[in-house]
Amino acid sequence: MAGQYNARELENQIRSLWERDDTYHKVRQLRVGGKKFFFVDGPPYTTGRIHLGTAWNKVIKDSILRYKSMNCFAVKDRAGWDMHGLPIEVKVEESLGFKSKKDIETYGVDRFIDRCKEFALRQKDDMTAQFKILGAWLDWDDPYMTLKNEYLEAAWWALKKAHEHNLLERGLRVVNWCPRCQTAIADSEVEYWDETDYSIYVKFPVLGEENTFIVIWTTTPWTIPANVAVAVNPSFQYSKVRAWKDGRPEILIMASDLVESVLKTGRYQDYELLGVLSAEQMQELHYEHPLGDMVPRQKEIVHGVYAADFVAAENTGCVHIAPGHGLEDYELGLNHHLEIFCPVGEDGRYTEQAGEKYQGLYVKEADSLVIADLEEKERLLAQGRLAHRYGHCWRCKTPIIFIATSQWFLRISDLRDKMLDEISRVTWYPEWAGSARFADWINNARDWCISRQRYWGIPLPIWSCPTCGHLEVIGTAAELEERAGRKIADLHRPEVDSILLDCPCGGKMKRSPDVFDVWFDSAVASWATLRFPSQEKDFEEWWPADFITEGHDQTRGWFYSQLGAAMVSFGRAPYKSVLMHGFTLDDQGRKMSKSIGNIVQPEEVVAKFGADILRFYVLGANAPWEDLHFSWESVENTSRMLNIFWNAYRFALPYMVLDGFDAEKADLSRYEKSLRPEDRWILSRINSLIGEVTEEMEAYQLHRIVRSISEFILEDLSRWYIQLVRPRTWIEQDDPDKLAAYATIYEVLVKLSRLMAPFTPFLSESIYQNLVRGLDRAAAPSVHMCPWPVADGARIDRKLEESMSLVREISMAGSNARQKGGRKLRWPVSEIVISPAKEAVDLGDLVGVLKGQTNAKKITVLPPGEKPKMDLELSPVHKKIGPVYKGEAKAVVAALQAADPFEVKKQIDAIGEAHLISGPKGYTITSEMVQIRELPPESLPAAEFSRGLVYVDITLTPELESEGYAREIIRRIQDMRKEMDLKVEDQIRAEVDIESKPILDLALLKKEHIAGEVRASDFQLGLGLELRGRLIKDWDIEGVCVRIAIDRA
RNA sequence: GGGCCCGUAGCUUAGCCAGGUUGAGCGCACGGCUGAUAACCGUGAGGUCACGCGUUCAAAUCGCGUCGGGCCCA
């Protein structure tokens, strides 16, 4: 027997049941051979802790996979782990107290790699346990891990394919560079926030013109030594001005529109315009590098002016170009065959190319020195500070710099159109995630820099010959072993670094020392999870993925990286459908962060409420693709809702146990003839619900599912059906009416447990085990092995559902009217009158239900437009009476008030006026002189419902009163039974002393009824009784003192 | 500067794709129920559906624009 809903205890029990029976594997085994559903788990990074977002993510995945499995799909569901990359390197470096790559080299790359591996594996185990608590059923025993040899091969193989398709290239590119990690980082690994930097205006002396300068502006003074050119906008006009500062003139060139602001910034007191220059004329200028003395190489470079569209009408309109330190600069440099001058090394320090003075300085620290030198050379026009967005390494938060380095690229930009074409064939939930958001990202796709100068990653399988330049990409471990002529235990660094391969030219090829960008790891998950290329069969049978789902940040992440990797390898998208979900934010819509202190841990929610409640909450809180604003209050509500479900479930159990409910009695088909209309109604509703939920699930409208189910549980099951069915459970013996109710409840609960199984797997399993397995050991061992319920069309009766919803409305309106009339529901009323406004009301077979719920003796449904007999109220319209009757007006008003309102109305309706007789006098009252209002009589309060009005006749009769008092007495005795902790079936002895004779007489009429209801085998009702019993209490019933004593019989 | 999403009651939100009386929950106030009970139910107050223009017999819903918030890009 079930007690209170204790989610944690229940979930622990179910978890151990699943473990004991190995339920997960049985479920998957059951569906082998079914239609294939290939799901690829977006691998969480092994940080060691899951957060609310990852919990939501796995709950969505799990719910969908459980649903698919119940629909007989053979589900492929290997969990995945993303285990390489800088974040782990940084953690390990921290634990070892390392500051740079040199420390790693000294420590030993092999030992460092071992540490990284250990770390990642430990974190993976911790996180697996956390996911399991949530009830996430993925294949945790055999997950794919990016650090496994078979996984490394999948990336190698992809790169080899890319190379075969001529999409791999090595080139000098300006990349985002982290000087601390000493590696290139991807655009997506750059974090932006505001940083205060220098803002300087610099004067570049024009060659061949005395005291004349082009003015540029920059926030990175350290890039000035690498300046090679100036860019101007081809559509701007430029001005040459003579400007005076402290009496000294200078000739300055800048965009015409910006002259005033630049000179103001430079604190010039006066100026005169010498002439204007077009962009073409600007391009004829050459200038001298302002720090040519410091940077010897600059003496050899010719500095010119070039046109570029990206030049904005900001600052000076002349842009400093350092092709070695900027993306646009680099492209401009390529176009005009400028020197890609980059006097900065991988450590972020100037190289010897920067000249003696700067060599060895860290660039961010060189800013002030460069400024001082410019100042000294009188080349600085102005300097200030500026807060602007600046990029940082996502891992170590070091400000990134741009430097030109030699890297490996995938030529993704060539595939843009093909990619757009591919994603248009993918089904996106919601649709705009693909057609708008992702398409926009792809339109801006650039070539993918896949090389990183680090250790803990998949080594690039590129070998090249230093002698002849011959290059080979190795696709598998077997291929490498064959070429190397020996076994290789681990494909990571440093083991592969030592392998030299024979070059056709006779030389020895060496491996390119880089590792893959970690995004490339997860990018190959769709085939790595199938163990391709080491095994081919699964790949042929399953690939590409049927479904993936991740947060909207993965638009530029995993959705994209997977697409890119699959395009270069297979020329097609690796997934067929994608559900994009939102972020988890706090209740105010802010990101959860340590600094705000608003982080909510999933295990905290599980500890307080349970996994099912967390699951049902996150699924229902809002549409999956919108951000989830986490609110404890809403979790609390979800908890309340499931608790009500639990109470509905356990409501009937004690009775069923009492009545020896068994498999035979659970068989609904035996009671078809005994089903009441309300039974047929709830059976119709549960089948309609199954239809709705199935439809919503097919569109991944997860929030609607939760709402549909919640509404059914609260409104239909708990607030209505259970209330209706209660009295039937009190019937003694095997009455078919009672058994039909049991069988109906049973059917509804069993259906519901299956319908909810994907979303609240623990609760559903518990109910299933008790209700189904408890009666039939031959039933499927788990609810998750049951088929998804199918709506039974024969049970669905729309008309009945409609009538019932009318009955519910009328019943509520009835309560409302009772409240107005001051008549409690416990007191029966003689009649309820339903007065529809226009549309007829057809209650079908449900009049009995309505009578019961409204506690009314009679239900009358009037034809549309008809009302019960109303009281009428006449109010004189003085404005009209006065002018006609003048001095007699008062008498007229008196006569009107004395008149029979029904008679007045009858005459006015018939002839437009009424004749009043007042003593000797008669008055004619026109319709204008009186306002006639219809009022429900005090004994007939009314309330509205959607089709009209509901009137409740609250007139009391002795019969009604005696019933009312009987119920009052019953209620109090029941209360006392409970206080004594009696069981439902216990018999009692009761004595009731009522101090008022008339009321005693009323109660005596119902003596037998009361005794039966409270199970009193010995029952006394009287005046002045001497009370005996274990429990004696005084009650006030409608102002009368009633003393009750009860005891066990 | 560009792309996408969002803006509905004090708060959290449904409805929007497919136009037809804005619907819930929380909180607040009042009442009821009492063999599901450390529960539960009803009623009430509370809305310029961000704003403007357009399409339409009819707009929270469709279109255009503005403002505000978020994410991403430049």
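Naming: A, B, ... by sequence-line order, numbering from 1 per chain. Just so you know, these numbers use all the heavy atoms, side chains as well, and skip hydrogens, waters and symmetry mates. Not measured: the values here are computed from a predicted model.
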Using a cut-off of under 3.5 Å, enumerate the N/O to N/O pairs linking the protein to nucleotides 24-30 of chain B.
unit_1	atom_1	unit_2	atom_2	d
B/G25	O2'	A/N637	ND2	2.7
B/C26	O2'	A/E633	OE1	2.6
B/C26	O2'	A/E633	OE2	3.2

- Not counting sequence neighbours, list each pair that qualifies as a salt bridge (charged side-chain N to carboxylate O under 4.0 Å, His left out) and has a residue in residues 706-721 of chain A. A/R685-A/D716, A/E715-A/R719, A/E715-A/R808, A/D716-A/R808
- How close or far is atom P of B/U34 from atom NZ of A/K1033, stated in whole angstroms? 15 Å
- Message: Just checking A/F402 against A/Y330, ring centres under 6.0 Å apart?
- Response: no
Check: protein-nucleotides 60-67 of chain B nitrogen or oxygen pairs below 3.5 Å:
none

- Item | Aromatic contact, A/F645 with A/Y5 (centres under 6.0 Å) | no
- Message: Would you say that more than 12 heavy atoms from the other residues, nucleotides or ligands in this model lie under 6.0 Å from the CD of A/Q723, or not?
- Response: yes
- When the distance from CD1 of A/I442 to P of B/C72 is rounded to whole Å, what number comes out? 18 Å
- In whole Å, what separates the C1' atom of B/G19 from that of B/U66? 24 Å
- By side chain to side chain contact (heavy atoms under 4.5 Å, CB included), A/S413 pairs with (sequence neighbours left out) A/R416, A/D447
- Query: Taking the six-membered ring for Trp, is the centroid-to-centroid distance between A/W441 and A/F438 below 6.0 Å?
  - Reply: no
- Message: What I want to find out is whether A/R947 reaches A/E809 closely enough, with some N-O distance under 4.0 Å, to be called a salt bridge.
- Response: no
- For the residue pair A/H581 and A/W625, is the inter-centroid distance of their aromatic rings smaller than 6.0 Å? no
- Pair pattern of RNA chain B in dot-bracket, where unpaired bases get dots and | marks partners in another strand, Watson-Crick or G-U under 3.5 angstrom: (((((((..((((......[..)))).(((((.......))))).....(((((..]....)))))))))))).
- Item | Rounded distance in Å - CZ (A/F645) to P (B/C40) | 16 Å
Please list, for nucleotides 13-20 of chain B, all pairs of protein and nucleotide N/O atoms separated by less than 3.5 Å.
unit_1	atom_1	unit_2	atom_2	d
B/U13	O2'	A/R707	NH1	3.3
B/A14	O4'	A/R707	NH1	3.2
B/G15	OP1	A/R704	NE	3.3
B/G15	OP1	A/R704	NH2	3.2
B/C16	OP2	A/R704	NH2	3.3

- Gap in Å between the two P atoms, one belonging to B/C67 and one to B/U21, rounded: 32 Å
- Query: Considering only the P atoms, how many Å lie between B/C72 and B/C40, rounded to the nearest integer?
  - Reply: 41 Å
- Message: Output the rounded distance in Å from CH2 (A/W827) to P (B/G31).
- Response: 19 Å
- B/G7 to B/C16 separation - C1' atoms, rounded to the nearest Å: 13 Å
- Distance between P atoms of B/G63 and B/C5 (Å, rounded): 10 Å
- Message: Using a strict threshold of under 4.0 Å (side-chain N to carboxylate O), is an ion pair present between A/D986 and A/R1048?
- Response: yes
- Query: Who passes salt bridge (charged side-chain N to carboxylate O under 4.0 Å, His left out) against A/D257, sequence neighbours left out?
  - Reply: none
- Please name all residues satisfying side chain to side chain donor-acceptor pair (under 3.5 Å) with A/W1035, sequence neighbours left out, ordered by chain then number. none
- Note on the structure: Correct closest heavy-atom pair for A/L1031 and A/E979 would be CD1-OE2, 3.9 Å
- Task: Take A/F583 and A/D975, find for each the nucleotide of RNA chain B with the closest heavy atom, and name the residue whose nucleotide sits nearer the 5' end.
- Result: A/D975
- Message: Going by salt bridge (charged side-chain N to carboxylate O under 4.0 Å, His left out), name the residues that satisfy it together with A/D417, two or more places apart in sequence or in a different chain.
- Response: none
- Can we say A/R972 and A/D1034 salt-bridge, meaning some charged N sits less than 4.0 Å from an Asp/Glu carboxylate O? no
- Check whether more than 12 heavy atoms from other residues, nucleotides or ligands sit under 6.0 Å from atom CD of A/E695, and answer yes or no. no
- note: A/I713, atom CD1; B/C40, atom P; distance rounded to Å ~ 14 Å
- Query: Which of these nucleotides, B/G42, B/C71, B/A74, is closest to any side-chain atom of A/H552?
  - Reply: B/C71
- Write down the distance between CD (A/E968) and P (B/G32), rounded to a whole number of angstrom. 11 Å
Please list, pair by pair, any protein nitrogen or oxygen found under 3.5 Å from a nitrogen or oxygen in nucleotides 2-4 of chain B.
none

- Closest-nucleotide ordering on RNA chain B, the 5'-leading residue of A/R971 and A/S634: A/S634
- Test side chain to side chain donor-acceptor pair (under 3.5 Å) applied to A/R823 - qualifying residues, sequence neighbours left out: none
- side chain to side chain contact (heavy atoms under 4.5 Å, CB included) partners of A/N855, counting only residues at least two apart: A/R818, A/L825, A/P828, A/R967
- Query: Which whole-number value in Å describes the distance from A/M580 CE to B/G70 C1'?
  - Reply: 13 Å
- Query: How far, in whole Å, is B/A24 from B/G46 if one measures between their P atoms?
  - Reply: 15 Å
- Task: Take atom CG of A/D553 and atom P of B/C5, then tell me their distance rounded to the nearest Å.
- Result: 18 Å
- Message: Categorize A/S718 for me: base, sugar-phosphate, or nothing, with a 4.0 angstrom heavy-atom threshold over every strand shown.
- Response: base
- Message: Could you tell me how far B/G65 sits from B/A29 if I compare only their C1' atoms? Round to whole Å.
- Response: 43 Å
- Message: What's the gap between B/G52 and B/G70 when it is taken at their P atoms, as a whole Å value?
- Response: 24 Å
- Return yes if a side-chain donor-acceptor contact under 3.5 Å exists between A/D627 and A/H552, otherwise no. yes
